[in-house]
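See structure below.
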Amino acid sequence: MSGFTPKKLQFNDEAREKLQNGINKIADAVSSTLGPSGQTVLIESPQHTHGITVTKDGVTVAKSIDLLDPTENLAVRIMKEAAERTATSAGDGTTTSIVLARAFVEAGFKYITENRTDVLRDMHEECGRIVASLKRKAKAVTKGRLKDVATISSNNDPHIGSIIAQVYKEVGKHGVVTVDRSMTSETHFETTKGIKVDRGYLSPLFINDHKKDECVFEDTHVLVCDAEITNILQIENILKPIISDNQKLLIIAPCSPNVVNTIAANVMKRDMKICIVPPPNFGYRQHELMQDIALSVGATYYSEKTGDDLSLMNFADLGHVARVIVGRDNSIIIKDEESTNDKAIAERVKQLQGALEITKIKADKEFILERIASLTGGIGVIYAGGNTDLEQKELYDRIDDAVCAVRSALEEGILPGGGVALWNEAAMKYSQPETVAEKIFADALRAPLELIVDNAGLSDVDIWRGNADESYSYGYNVKTEKYGDMYEMGVIDPLKVTRSALENAVSVATTILSTNAIITMARTYEEKDSNNAFNYTTTLS
Amino acid sequence: MKPIGKYILIEPVIEEVETESGLLLTIEDRQEFRYRKADVVAVGTDVATMKDGDTIYYDNRQGYKMMLKNKQYSVIRENDVVLVE
């Protein structure tokens, strides 16, 4: 049967119903986590050490879902992709985008009777209008609001919220904030002035802090080079003063295995203080990042591309930093207190800002922003603590989410949270919906708020009555059970999150609503024994 | 037993090599050097430039290893030797 794969075909309503089933399943699982009264979800997962994950994070729940029915699973896969897109661009809003997508699909089935393609096109236009309207209403994040944004994104944990706000206050708007696991049960943070390199040590033999599995040097020289060091004698010139004065050296360069071995052997046998880290990223980005690193540590960047010869390098070409912490996957370089090249760095930041305005590609923009951030800002690390592995993982996910949300909020501003922004959009724009697309939007945009209220065990009516006042940010705080201004009550969402959730949801919904035929691989499922174990076979080949 | 003609029996010297900076080189690094140090155990009947017990540097890529009285030696030719100490 080689070259022949039997397929199963489904059409029209039968096909769409199956897709809707799949969407409902994933939405049911994910939607219970939405809002301040969101519930946790238990997942059996092969990746986790204990085989169990406890989470309130929509992405984790969504990612873990695969359905047996191939058609339903197609819908799940489309949803997962959309949710992940929202999560990667905005760092949050996975649940919202899934809930919205389901609402759009449901409303679509309800209202679309004819002219399917026209309606779908209208939906895209409508989506653009809503996004524009949201953008107009968004407020920039002030220092005071930062804490509220952080708190709401960490599922209303004021302690985490204040930690994140403090970190951002210290590292600045462009600073890098990362999350790590704490060695103790305490959740705390550290901030530093420096740069982060997304690469760790080349050999575990460089570790000198065995408790944390890190290589830590104070008062260190830095060699920055992008040409591969294939022979240890190439850098003999540099090593001479380092070794004779028992100094420390961080090498950021690609090294052949024998060079790594030689250095490692010397670190072990002769107690030399040397560590090697490969250059971050690839291609032209590597080149640019290395230039940035060299600039901020005050080193001369030796590059293959400019025809530099490593053996001509001398001691003066090395940079100097106060401290380096080299981990398994990333390194943090903390600059000297009085760095001599602040002027050059300011100049480079200016150039990058110019480049940022010219470039149109999103990925390039992000890359430039990252570079500006690493040149100007500091680094903050939040350590998530927990008494058990499970608790720590849950907290880690939540802090990670919240940090992303805060980053998004700083970028595009904030809106009233808890689904109120979308609900009010629906209430104001579509009080008398005319076209089919408007009807769909009028229904779907209310879904997140209704779900949050539902999760809190309240009935919708309570909220609707409270919203008689036409103020845009007026709403009901599910947590404190009070009506009022959402901004004042600290119930807020980043615009970027709401926007990406909406855009991705509309994109999924229109894909599903426009589907007319589904082709899947034909499969047979045989029931085995009485304990319901499935024997799963595809009829491939 | 005595080597004949231009053959020389040598015993490679195994030593730790250090660079000027004090960096210890691994065996791997040392093998990258073409000429290696050895002690002459016995010279062949036609060899006049060195005598038994001399320390020489020879071409690492020439010669073969052999076992003699449970000990490992190398056999090279006279023209594989570049330096005599």
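Here is how names work: the chains are called A, B, and so on, in the same order as the sequence lines, proteins then strands, and each is numbered from 1.
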A:N258 vs B:E32 side-chain heavy atoms within contact, under 4.5 Å: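 In short, these two side chains touch, coming nearer than 4.5 Å.
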Measure the [atom1]-[atom2] distance between [X] and [Y] for me, rounded to the nearest 0.5 Å.
X      : Y      : atom1 : atom2 : answer
A:K240 : B:E20  : NZ    : CD    : 3.5 Å
B:L25  : A:L233 : CG    : CG    : 6.0 Å
B:L23  : A:N266 : CG    : CG    : 4.0 Å
A:I243 : B:S21  : CD1   : OG    : 3.5 Å

Can you tell me if [X] has over 12 outside heavy atoms packed within less than 6.0 Å of its [atom1]?
X     : atom1 : value
B:Y7  : OH    : no
B:K71 : NZ    : no
B:K2  : NZ    : yes

Interface residues of residues 8-19 of chain B facing chain A - non-hydrogen atoms under 4.5 Å apart: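 Within residues 8-19 of chain B, the residues under 4.5 Å from chain A are B:E16, B:E18, B:T19.
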Sequence neighbours excluded - side chain to side chain donor-acceptor pair (under 3.5 Å) pairs with any residue from residues 281-294 of chain A: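 Counting only pairs at least two positions apart or across chains, the side chain to side chain donor-acceptor pair (under 3.5 Å) contacts touching residues 281-294 of chain A are A:Y284-A:D364, A:H287-A:Y301, A:E288-A:R371, A:D292-A:R348, A:D292-A:R371.
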Set of residues satisfying side chain to side chain contact (heavy atoms under 4.5 Å, CB included) with respect to A:F217, sequence neighbours excluded: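 Listed in chain order: A:N208, A:C215, A:T220, A:K248, A:K273, A:C275, A:V324.
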Partner residues of A:A265 under the side chain to side chain contact (heavy atoms under 4.5 Å, CB included) criterion, sequence neighbours left out: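 If we apply the side chain to side chain contact (heavy atoms under 4.5 Å, CB included) test to A:A265, skipping adjacent residues, the hits are B:T26.
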Engaged part of A:L239 at the chain B interface, taking heavy atoms whose separation is under 4.5 Å: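 When you check distances to chain B, atoms from both the backbone and side chain of A:L239 fall under 4.5 Å.
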